[in-house]
Every structure is written in structure tokens, then in C-alpha cells.
Amino acid sequence: MPNPSQNNFTERDKKVIWHPFTQHHIEPNSIAITRGEGAYLYDEDGNKYIDAIASWWVNLHGHSNTYMAEKVYEQALKLEQVIFAGFTHEPAIRLAERLLSHLPSNFQKVFYSDNGSTAVEVGVKMALQFFHNQGQIKRRKIIALTDAYHGDTFGAMSLGAPSAFNAPFQDMLFEVEFIPNPNQALECLNDLETKLKDSDEYAAIIFEPLIQGAGGMNMYPAETLDQIISMAKKHGLLCISDEIMTGFGRTGKWFAMDYLQQKPDILCLSKGLTGGMMAMGVTVCSDPLFESFLSSDRKKTLFHSHSFTANPLACAAANASLDLMEKTETWSQIAAIQESHAAWKNKLQNHPVIRNIRCWGTIVACEIDTPEKDGYLNPIRGKAYDHFIKKGILLRPLGNTLYILPPYCIKPSELTTIYLEIEEFANQIN
Ligand SMILES: *Cc1c(COP(=O)(O)O)cnc(C)c1O
């Protein structure tokens, strides 16, 4: 075997690759991962890292899961890809049937796309065209939440709270009204009520239910979201729920909306949809919404597609992931992570520099106290990231917000290792 380092991946990468969300001037070197197994990633030098953020929130059942890999392989030998307009296939049908069986009964049609941002784009287009098709041309505006994140394409960026992410494009984004963070329930609901009273031009409201991810792992009560949804529905708005991060057991239930009394009208899923193995998104809606596009007039069609819509390999990965999600063993793992996080939260209640520790399901988050302002550009972020990488843990703090969002196969001892390293990091800056 040649020494893998002789491949010189890091140097070769630097010559030819532009990485996402990466300031190459400050972070020139990328770690070359050669394989993954369970909760671990292995680099070319044989170092291993616990994947404490499920590789950007996508991985559910561990890396290179054998069962899932075999299902995708079998599918690749049968049918790898086919145009999805005018044609269909069993993996897509079965996946849609199975997804719907886990959702409230108002969800009846599944639209496939490629990733989270596209699932959001489709959701917003469905909502706007729903009114357009019925001649309700006044309803064009969208409401979103402060601190929201819905993706990086232009439509999705418009729906995100103004931030460092979308600042260079602010003047090009379509107008969206932001209401206060639902953590300030009173302000949020009052502002929403005022907006809805003052204008009949709103088409939809979009939200990340219960946990706002990229905006800093903000958690807010289900009752507040129930109130937001009922108020929006009373005024005829469609409610778009972005469960791209919260779906598939992340919150301790199948979906975040399983904690709600009120049900949204449009649902966006991606990330954990394929267990993190393939890129895919779906947007799910009701039959009445679907029927508003039925017409002998072709102009009422939802003209949206991607080349790889409902790719059979991605559908096979998602079906395999659902096989695992439907096992009681997976739910025991989820419950164990939840209990473990809750116990750690109790332990850290009065820590001198770890503040506002909170958890929901398999996610735990906290802020590290620093003299600088809270937020994505807080300088502790780089120090923390490097510290944990050196200790063999992949954590990717959002500024001074640290969070753990692990694959469900993570072991209690691995969680303990992560907790202790976070405490040690906090103690050392104290
Ligand atoms: C990640 C994410 C998206 C965007 O998904 P991509 O697949 O990265 O385009 C949208 N909404 C939420 C809540 C997310 O966490």
C-alpha cells in the first residue's frame, strides 16, 4: 500500500477547488477524508473524527451504512436515472407513499427536487401560483421570521433574515416581511397580527418549526408556532414549514410538526430524507393545492423541474433510510441521545462561560460567553473549530454558538467525549 499522504490531496485540492462557506484566505487547507464508518470520518493520514454535526445535518444512520449502500447499488444495476416528466418509477412512487404515511392526512402530493434550497423554492412557487391560478393576483407577499435560514439560492436567500450570508445581494432579493423571533412570543404575534390586519396582500408565511438552525439553533415553543399558524390561516395565508433540518427524528419525533396542534399547508424536506447518502429534496402539499393547478390551460402548470428530479438512486437511498427509521432500534438510539443531552444540560446549568444551554430531541446547543457580540462572525468560532478538530471531533460552531447534532448511531461514550471536550474548551478560555 502506498502511503496515502503521498496523494497530497490537500495541496492538489488547493490548486483546483473552491469550497462552500469557506474563506480560503483564512482557511486554505481542507482535510482529505478517505472513508467514513458509523459516526467516524477518517482522513488520509489515518486520523479519525467523530462527526458531531452529522456532516452538515444530513447523516442519520452513520457513514457508509452497508444496508443503504447495498440498496443503492441494487437500484443502480436496475435503473439509475430517467426523465420524470411523462415517466415514473417504483422507487419514487413507493417513497412518496411511505413519506405520506408518516405525515398528517392533509398532505397528499409529493413534488421531488434536488436539495433543501430547491424544496423551498418549489414551496414558495406553489404558494404564489396557487393564488395566481385563481386570479387572486394581489396576494404576492411573503412573511418570514427574524433569524430564518432557508437556503442559498436567490429565492431562498430572500426568505432568510438579512445576514453576512446574503449581504452582497440584499438589493437583488425580493421583498419579504420579517416578524420578530418567536422566542419573543408577544412581539412576534403582535407584529404578525398588525401586518395581517393592515394588508390583504400576503400569500404565505414560511418558518423553520421549533428550531431555527443556521440562525443559531434558536429553539422556541410549539404553542407560539401554533398561534402563528392559526393567525396566518385565519387571514388566508398558506403556511410553509421548512423541516429540512428538523425532519426524520431530529426533534425526537418523526417531524417537528408532530409537536403541533395546527398543521402547515406545504412542507419542505431534504437533508435526512436520504439518511444523508444522496442529494434530494421534496415539497409536500395537499390535494386542494395540487388541484388549483389543474386546468385545460397549460399556463396553470407548475413549470419547475431539475434534470435529476426523483433520481432513482436517491429514492432508493431514501427508501433504505426509511427502512431504518421504521425500526424501534433507531428510536431507542434517538431517545438515548435525547436523555444524554438533557442530563448534560442539567450539569451545565450554572457554568461560568457556557450560557443558555438548550436541547430539543437529538440537538443540544449553547453559547460561549465572549467579550464580543453573539453571532456568526464571533471570533471564538475559528479557535473552537480548530480546537475540536485537533481533538478528533468535527464541530462547526455558528459563531459563538456550539451545538451537537449527531448521527443516531453515535454511542453514549462518544457523546461523553464530545461533552467533556466542550467543557474543557470552555474552561480553558475562562
Ligand atoms: C440546510 C437548510 C436549507 C438548505 O438546504 P440545502 O440542501 O443546503 O440547499 C434550508 N432550510 C433549512 C432549515 C436548512 O437547514
Side-chain angles (χ1 to χ4, degrees), residues 19-22 51 53-60 111-127 142-161 163 165-166 169 173 176 178 181-182 204-220 225 239-251 255-257 264 266-284 304 306-311 314 317-318 321 360-363 365 376 396-399 401 403-407:
H19 286 271
F21 267 70
T22 300
D51 189 351
I53 59 159
S55 277
W56 249 344
W57 319 347
V58 300
N59 190 292
L60 304 187
F111 190 99
Y112 287 102
S113 66
D114 291 352
N115 57 64
S117 303
T118 57
V120 167
E121 298 281 342
V122 170
V124 170
K125 285 171 82 168
M126 278 179 181
I142 311 236
I143 297 177
L145 305 186
T146 299
D147 297 319
Y149 175 81
H150 296 290
D152 291 338
T153 53
F154 266 84
M157 274 198 296
S158 303
L159 303 164
S163 74
F165 302 169
N166 52 23
F169 316 104
L173 303 180
V176 170
F178 290 93
N181 190 296
I205 179 167
I206 184 164
F207 45 80
E208 295 155 88
L210 311 185
I211 309 167
Q212 296 182 298
M217 294 294 162
N218 305 318
M219 301 183 186
Y220 63 93
L225 185 53
C239 297
I240 308 174
S241 185
D242 174 351
E243 291 230 27
I244 290 163
M245 182 187 78
T246 52
F248 303 99
R250 268 294 152 218
T251 63
F255 298 100
M257 70 179 146
I266 297 173
L267 173 68
C268 308
L269 300 170
S270 183
K271 293 205 165 116
L273 169 62
T274 63
M277 188 168 268
M278 303 279 299
M280 186 158 74
V282 297
T283 311
V284 195
H304 191 105
H306 297 282
S307 312
F308 287 96
T309 297
N311 172 256
S321 179
W360 201 316
T362 65
I363 306 174
Y376 192 78
R396 225 187 121 83
L398 295 156
T401 301
Y403 68 90
I404 309 172
L405 190 157

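Counting convention: from 1, in listed order, for ligands and their atoms alike.
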Please list, in number order, the atoms of ligand 1 under 4.0 Å from a heavy atom of [X].
X: His150; result: 10 (C), 11 (N)
X: Tyr149; result: 2 (C), 3 (C), 11 (N), 12 (C), 13 (C)
X: Met245; result: 15 (O)
X: Ser117; result: 4 (C), 5 (O), 6 (P), 9 (O)
X: Gly151; result: 4 (C), 10 (C)

Q. Among the heavy atoms of Glu243, does any lie under 4.0 Å from an atom of ligand 1?
A.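 Glu243: no contact with ligand 1 (<4.0 Å).
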Does the side chain of [X] pick up a donor-acceptor pair with the side chain of [Y] at under 3.5 Å?
X: Tyr220; Y: Trp360; value: no
X: Gln212; Y: Asn181; value: yes
X: Asp114; Y: Thr118; value: no

Q: Indicate, as side chain, backbone, both or neither, the part of Glu208 found under 4.0 angstrom from ligand 1 when only non-hydrogen atoms are considered.
A: side chain
(Q) Using a 4.0 Å heavy-atom cut-off, which part of Trp57 comes near ligand 1: side chain, backbone, both, or neither? (A)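 Just the side chain.
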Q: Taking the side chain as every heavy atom from C-beta outward, state whether Asp51 and Pro406 have any atom pair closer than 4.5 Å.
A: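 When only atoms from C-beta onward are counted, Pro406 and Asp51 do not touch, as no gap falls below 4.5 Å.
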(Q) Using a 3.5 Å distance criterion without hydrogens, assess whether the side chain of Glu208 forms a donor-acceptor pair with backbone atoms of Ser241. (A)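 No, because the side chain of Glu208 does not come within donor-acceptor range (under 3.5 Å) of the backbone of Ser241.
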Q: From atom 2 (C) of ligand 1, work out which of Lys271, Met280, Glu121, Gln212 has a heavy atom at the shortest distance.
A: Lys271
Q. Among Leu273, Thr118, Asp242, Thr246, which one has a heavy atom closest to atom 12 (C) of ligand 1?
A. Asp242
Q) Within a distance of under 4.0 Å, is there any protein heavy atom near atom 5 (O) of ligand 1? A) yes
(Q) Can you tell me if Tyr376 has over 12 outside heavy atoms packed within less than 6.0 Å of its OH? (A) yes
Q | Derivation and outcome, side-chain contact (heavy atoms from CB on, under 4.5 Å), residues Leu269 and Ile244 | A | CA-CA 4 Å; Leu269 300 170; Ile244 290 163; 5.7 Å; no
Q | Check: Gly116 N/O within less than 3.5 Å of ligand 1 N/O | A |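 Checking ligand 1 against Gly116, an N or O pair does fall under 3.5 Å apart.
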(Q) Given Met219, which partner from the list Thr251, Ile363, Leu210 fulfils the side chain to side chain contact (heavy atoms under 4.5 Å, CB included) test? (A)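 It is Ile363; the other options fail the test.
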